[in-house]
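Note sheet for the following structure.
Throughout, numbering of the chain's residues begins at 1 and tracks the sequence.
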Amino acid sequence: MLFKLAVRHLLFERMMTICQIAALACLMAPLLLLFSLRFGILQELQNQLLNDPKVLALTLDTSYRLDATFFKQLEQRPEVGFLVPQITALNALIDLKFPGTVARVSVLPTKVGDPVVLRSGIPYERDLAHDEVLVSYDLAQVRELSPGDSVTMVVSRIQNGKRESVRTQLKIKGIVSERFVGDDTLLLNLDLVNAIDDYRNGFNPVLLSDGSNVNTRPRLYAKFRLYAKDLEQVIPLYYYLVDQHLNVSSKVREIENVKAVAHVLNFIFGVIASVSLIGGALALTGLVLSALRASKRNFVLLRLMGQGQKGIYSVVLVEGMIISALGFILSLVLYALGAGIFNTYFGTTLGGSMISQLTVGHIALFFAATVLLVMVISLSCAKFVFLKAHIADILREA
């Protein structure tokens, strides 16, 4: 009954109702559009960073002598998402034998969880076997290689003044995206990379030779392949490595730039939203107050017909809910028009990016805030109009 009464009253005062709905839409539509731009811009910047594993990577600019203790301590850091030791660049150079030609390539160690492999869409549920390899895209294109093909790896060295080499067959398990690794690169099991390092250093490891001279010394690595767990962990991990007196390169500056943009956009949105809410709330309060004052006589008649004060407030709140729902729907329509214009205009220059976007959660949150705002204003105005009002006085005014 209260809902039907509220609807009929809103229809009777249709011009005032339309004004309230329009005022609410004019308040919420710009806020929706502004927040969507803030969210869309930050989302696009973060997606660009997250889609590039190099942003999470931290690399050493010079070679060091890093032992097992160093890697064990580093791997226990909560910021670390992926870590694998790396041998010297010189020892990591090997040859691939092709009919009539040889290609000089570099090898990188890999293991399960490698972001480069995962972002390339290669299933990686176990470590590579000793006879398996991942190949860079450019190398695969030039040499016409595909998953399932076999290649011959040749590792050479100078031993006692004589040139020696060993060959081993490797089966291609996948092709790594050109965005993530160099032009001529192979990704191998760490044990095989260690064997290549040992062989180049004069040993005879089991994986590449007869195992007659196995390296039993504590193994030292020159560098590492290191990736932070997420964007938030890159900066603390970077400074941890700097504190270890390591010369480290990373994308810290790019990440800090995105954070700076986020801070600026949040500040701008906060200021504009605050000003808009204050101004819009005052305007809406004036309209609601005017509507209630114009309808005082109708509400007094309801009191004379036996409706209690709580019932009057309930009707006002129901009317506020209806106005807030209709106003929010209209603001969504206006937002959709504005967002379409922004996305169309910027989509051609930003490669189809959605520069203005909202999630369902955002819309639900804005709707709840709209209903709450209107109901608080409606209830406050109703108490102001009817708190000290006497039925006889209101009837005499009419």
Side-chain angles (χ1 to χ4, degrees), residues 42 44-94 104-120 124 134-139 176-188 190 193-194 196-197 200 219-263:
L42 292 181
E44 181 64 24
L45 291 175
Q46 291 177 355
N47 286 339
Q48 290 177 1
L49 292 179
L50 291 173
N51 288 332
D52 186 359
K54 292 180 180 179
V55 175
L56 301 178
L58 296 100
T59 59
L60 295 175
D61 294 332
T62 56
S63 296
Y64 294 86
R65 295 172 62 84
L66 308 174
D67 58 14
T69 301
F70 169 85
F71 284 99
K72 184 177 181 180
Q73 292 176 348
L74 182 57
E75 197 165 25
Q76 291 175 348
R77 298 286 304 180
E79 303 94 345
V80 174
F82 177 83
L83 173 65
V84 65
Q86 193 171 345
I87 64 176
T88 62
L90 183 61
N91 282 357
L93 290 175
I94 59 98
R104 176 60 60 92
V105 301
S106 60
V107 298
L108 292 177
T110 184
K111 64 179 182 180
V112 170
D114 192 336
V116 164
V117 180
L118 297 176
R119 290 299 174 87
S120 297
Y124 209 3
L134 300 172
V135 181
S136 64
Y137 177 83
D138 288 338
L139 179 62
V176 181
S177 173
E178 73 274 14
R179 295 171 52 205
F180 306 142
V181 295
D183 295 342
D184 298 324
T185 306
L186 302 180
L187 272 68
L188 303 173
L190 178 59
V193 174
N194 288 337
I196 294 173
D197 188 47
R200 299 294 294 271
R219 189 174 296 279
L220 298 175
Y221 293 96
K223 296 184 178 182
F224 49 62
R225 295 185 58 224
L226 173 63
Y227 293 85
K229 189 170 295 183
D230 52 49
L231 287 178
E232 295 297 324
Q233 308 303 328
V234 173
I235 295 177
L237 185 56
Y238 170 80
Y239 286 110
Y240 168 78
L241 294 173
V242 171
D243 290 340
Q244 303 301 310
H245 307 291
L246 298 175
N247 191 7
V248 186
S249 293
S250 71
K251 300 290 186 179
V252 169
R253 186 177 298 276
E254 286 84 344
I255 296 173
E256 289 180 336
N257 287 340
V258 171
K259 288 188 174 182
V261 171
H263 179 74

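- Judged by distance alone, with hydrogens and angles left aside, the side-chain atoms of Ser177 form no donor-acceptor pair with the main-chain N or O of Ser120 at under 3.5 Å.
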Please report the C-alpha distance between Val252 and Val234 in whole Å, then the side-chain angles of each, then the deciding distance to 0.1 Å, and finally whether the side chain to side chain contact (heavy atoms under 4.5 Å, CB included) criterion is met. CA-CA 7 Å; Val252 169; Val234 173; 4.1 Å; yes
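- Taking CG of Asp114 as the reference point, atom CZ of Phe180 lies at 10.5 Å (rounded to 0.5 Å).
- Using modelled atom types, one side-chain atom of Lys111 and one backbone atom of Leu83 make a donor-acceptor pair closer than 3.5 Å.
- In terms of heavy-atom proximity, Thr88 sits nearest to Ala222 at CG2-CB, 3.6 Å.
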Quick one, Val176 with Tyr137, criterion side chain to side chain contact (heavy atoms under 4.5 Å, CB included). Give me CA distance, side-chain angles, the key distance, then yes/no. CA-CA 6 Å; Val176 181; Tyr137 177 83; over 6 Å; no
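- When side chains are defined from C-beta on, Arg104 counts as touching Leu93, because their heavy atoms get closer than 4.5 Å.
- Arg225 contributes atom CZ, which lies 5.5 Å from atom CG of Leu108 (distance to the nearest 0.5 angstrom).
- Nearest heavy atom pair, residue Val117 against residue Leu187, reads CG2-CD2, 3.9 Å.
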Scan the side chains in residues 57-69 for donor-acceptor partners under 3.5 Å anywhere in the protein, sequence neighbours excluded, and list what turns up.
from  : atom 1 : to     : atom 2 : distance (Å)
Asp61 : OD1    : Ser249 : OG     : 2.4
Asp61 : OD2    : Ser249 : OG     : 2.8
Thr62 : OG1    : Tyr64  : OH     : 3.2
Tyr64 : OH     : Asn247 : N      : 2.8
Asp67 : OD1    : Thr69  : N      : 3.3
Asp67 : OD1    : Phe70  : N      : 3.0

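- Between Gln233 and Glu79, the closest heavy-atom pair is OE1-CG, 3.2 Å.
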Would Leu74 and Leu226 satisfy side chain to side chain contact (heavy atoms under 4.5 Å, CB included), going step by step from the backbone distance to the final call? CA-CA 10 Å; Leu74 182 57; Leu226 173 63; 4.2 Å; yes
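- Shown here are the ring pair (Phe, Tyr, Trp, His ring centres under 6.0 Å) partners of Tyr124, two or more places apart in sequence or in another chain: there are none.
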Could you walk me through whether Thr185 and Leu139 pass side chain to side chain contact (heavy atoms under 4.5 Å, CB included), step by step? CA-CA 7 Å; Thr185 306; Leu139 179 62; over 6 Å; no
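- Of the inter-residue distances, the one linking Tyr221 atom OH with Asp197 atom CG reads 8.0 Å to the nearest 0.5 angstrom.
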Side-chain donor-acceptor pairs of residues 235-246 under 3.5 Å, sequence neighbours excluded:
none

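- Residue Ile196 comes nearest to Asn91 through the heavy atom pair CG2-O, 3.5 Å, listed as atom of the first residue, atom of the second, then distance.
- In terms of heavy atoms, Lys251 sits closest to Val55 at CG-CA, 3.5 Å.
- Minimum interatomic distance between Tyr227 and Pro115 (heavy atoms only, all atoms of both residues): CG-CG, 3.7 Å.
- One finds the CD atom of Gln86 at 10.5 Å from the CG atom of Leu190 (value rounded to the nearest 0.5 Å).
- Of the possible polar contacts, none joining the Arg200 side chain to the Ile94 backbone as a donor-acceptor pair under 3.5 Å is found.
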